[in-house]
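A quick write-up on the structure given underneath.
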Amino acid sequence: MKNPCQQAKAPILAVEGLAVDYRLRGSSLPTIRDVSFEIQAGEAVALVGESGSGKTTTAMAIAGLLPPNAAVSGGEVRYRGDRLPIDDDAAMRPHRWSEISVVFQGAMNALNPVHRIIKQIAEPCQLQLGMSRDEAIARARELLELVGISAERGRAYPHELSGGMRQRVMIAMALACSPSIVIGDEPTTALDVITQAQILKLLTALRSQLNLALILITHDLSVVAECCDRVMIMYAGRLVEDGSVADIFANPKHPYTKLLIESIPNPEHGKRMVRPIPGDPPTLQHRPSGCAFRSRCPSAMPVCATEVPNLKRWEQGRVACYLHPPMKHEEKALANA
Ligand SMILES: Nc1ncnc2c1ncn2[C@@H]1O[C@H](COP(=O)(O)OP(=O)(O)O)[C@@H](O)[C@H]1O
Ligand SMILES: [Mg+2]
């Protein structure tokens with residue numbers, strides 16, 4: 001139960017009932033369904049799920065950056081209480097980068113190979129903040145130093161930098177217009193383990209220095225513990241669990257979350273291999289009835305095939321599973337009927 005002080009605090013970002021469809025060969029495929037969550041200023045939340053679960057689509061929808069064959073088919077996103085025009089690219093421009101920014105995965109594809117990096121960081125400052133060229137270059141030098149690159153290196157072209165340095169440049173670009181929310185879409189996936197750790201450390205430091213709210217998208221739960229306060233677990237386009245990092249790791253409730261946690265290598269227990277979760281997630285074309293996880297779920301009951309379980313508040317977090325809250329004896333008999 002929230003105390004009155006927490007209840008009064010308005011979230012910086014509120015996503016309510018978000019739904020996204022992709023159009024593919026003439027048909028409309030439901031991809032994201034009923035995604036609802038709130039984030040407070042300065043909070044770091046991880047969005048975790050297997051590849052294809054809809055993490056990038058959710059991030060793109062929030063930033064108003066969906067590809068042309070995708071459409072928001074329901075729900076809304078509010079920034080400091082005001083509804084964002086996420087389905088209107090032009091109307092989103094004043095909000096994108098100055099309120100919500102995205103650090104994409106794969107920095108090499110996102111940077112322009114023929115321009116010096118200083119120019120690429122300065123550009124959004126000119127366009128978005130109306131700075132003069134000299135002001136924008138000064139701001140870009142400041143941003144480079146902020147992400148741990150000497151301002152002199154700004155003359156380099158992207159190919160002259162290492163993968164880690166390029167990802168730092170992407171972070172500098174995301175911070176150029178002083179956003180309050182940064183979405184990192186697998187920002188370290190393409191990097192080696194040591195560089196990964198450095199980039200996560202940088203994001204964590206910037207987060208507290210700039211009081212940023214961070215949505216860190218990853219398919220790797222082991223990177224979450226050090227840099228996030230909360231974890232949201234996504235499966236087949238829906239949130240299935242949401243809780244504090246401590247709760248999710250110590251007491252995962254959804255059977256999918258349990259399997260994800262068990263699959264993390266744990267050297268202390270002599271278990272170094274990531275254990276894959278048996279079975280495959282459903283495709284967009286073939287979403288089953290009821291709970292999308294049921295064919296892989298060790299605890300599936302007949303009721304799981306009937307209706308999608310809603311994401312309900314339970315104990316300190318939220319979970320979408322018929323096992324929570326635990327059923328009474330007679331309810332259990334019905335569920336198994
Ligand atoms: N541009 C697209 N057109 C059609 N389907 C897409 C497109 N992008 C993603 N998808 C599909 O949407 C689902 C969610 O993808 P995505 O959001 O990229 O997941 P994640 O980031 O969790 O890996 C997947 O089934 C994927 O194949
Ligand atoms: Mg993705």
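When a ligand or atom number is given, it counts from 1 through the structure's own listing order. The structure presented is a predicted model; accordingly, all values stated were derived computationally and were not measured. We use all heavy atoms of the structure for the numbers below, so side chains are in, but hydrogens, waters and symmetry mates are not. Heads up: numbering here begins at 1 and tracks the sequence.
Using a 4.0 Å heavy-atom cutoff, Gly49 is absent from the residues neighbouring ligand 1. Heavy atoms of Glu50 come nearer than 4.0 angstrom to ligand 1 in at least one pair.
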Kindly indicate, with the supporting measurements, whether the criterion salt bridge (Lys or Arg N to Asp or Glu O under 4.0 Å) is fulfilled by Lys253 and Asp242. CA-CA 10 Å; Lys253 295 189 172 57; Asp242 172 10; over 6 Å; no
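Transitive grouping of hydrophobic side chains (ILVMFWY, heavy atoms separated by less than 4.5 Å) keeps Trp314 and Phe293 in distinct clusters.
At the top of the distance list for atom 22 (O) of ligand 1, counting protein heavy atoms only, stands Lys55 NZ, 2.8 Å. In terms of protein heavy-atom proximity, atom 24 (C) of ligand 1 is closest to Gly52 O, 3.7 Å. Annotation: atom 18 (O) of ligand 1 to nearest protein heavy atom, Thr56 CB, 3.8 Å. Looking at atom 19 (O) of ligand 1, its nearest protein heavy atom turns out to be Gly54 N, 3.1 Å. Ranking protein heavy atoms by distance to atom 2 (C) of ligand 1, first place goes to Tyr22 CE2, 3.3 Å.
Ion pairing between Glu43 and Arg230 holds under the 4.0 Å rule for side-chain N and carboxylate O. With respect to the salt-bridge test (charged N to carboxylate O, under 4.0 angstrom), the residues Arg153 and Glu160 do not qualify. Under a 4.0 Å N-O distance rule, the pair Glu76/Arg78 qualifies as a salt bridge. Ion pair Arg33/Asp21 flagged as a salt bridge, since at least one NZ, NE, NH1 or NH2 atom sits closer than 4.0 Å to an Asp/Glu carboxylate oxygen. Checked for salt-bridge contact, Arg96 and Asp89 meet the test: a charged N lies under 4.0 Å from a carboxylate O.
Using a 4.0 Å cut-off between heavy atoms, Thr31 contacts ligand 1 through its side chain alone, with no backbone atom that close. At a heavy-atom cutoff of 4.0 Å, ligand 1 is contacted by both the backbone and the side chain of Thr57. Contacts with ligand 1 closer than 4.0 Å are made by no heavy atom of Met234, backbone or side chain.
In this structure, atom 27 (O) of ligand 1 has its sub-4.0 angstrom surroundings free of protein heavy atoms. Within 4.0 Å of atom 7 (C) of ligand 1, at least one protein heavy atom is present.
Considering only non-hydrogen atoms, atom 3 (N) of ligand 1 lies nearest to Asn69 out of Asn69, Val20, Leu284.
Shown here is Glu226, whose CD atom has no more than 12 heavy atoms of other residues, nucleotides or ligands within 6.0 Å.
The Ser51 neighbourhood of ligand 1 comprises atoms 23 (O), with distances under 4.0 Å to a heavy atom of that residue.
Taking 2.8 Å as the criterion, Thr56 counts as a coordinating residue of the Mg ion (ligand 2), since one of its N, O or S atoms falls below it.
The main-chain N or O of Cys177 is never found under 3.5 Å from a side-chain atom of Arg139 such that the two would form a donor-acceptor pair.
At a cut-off of 3.5 Å, with distance as the only test, a side-chain donor of Tyr256 or Glu50 sits close to an acceptor on the other residue.
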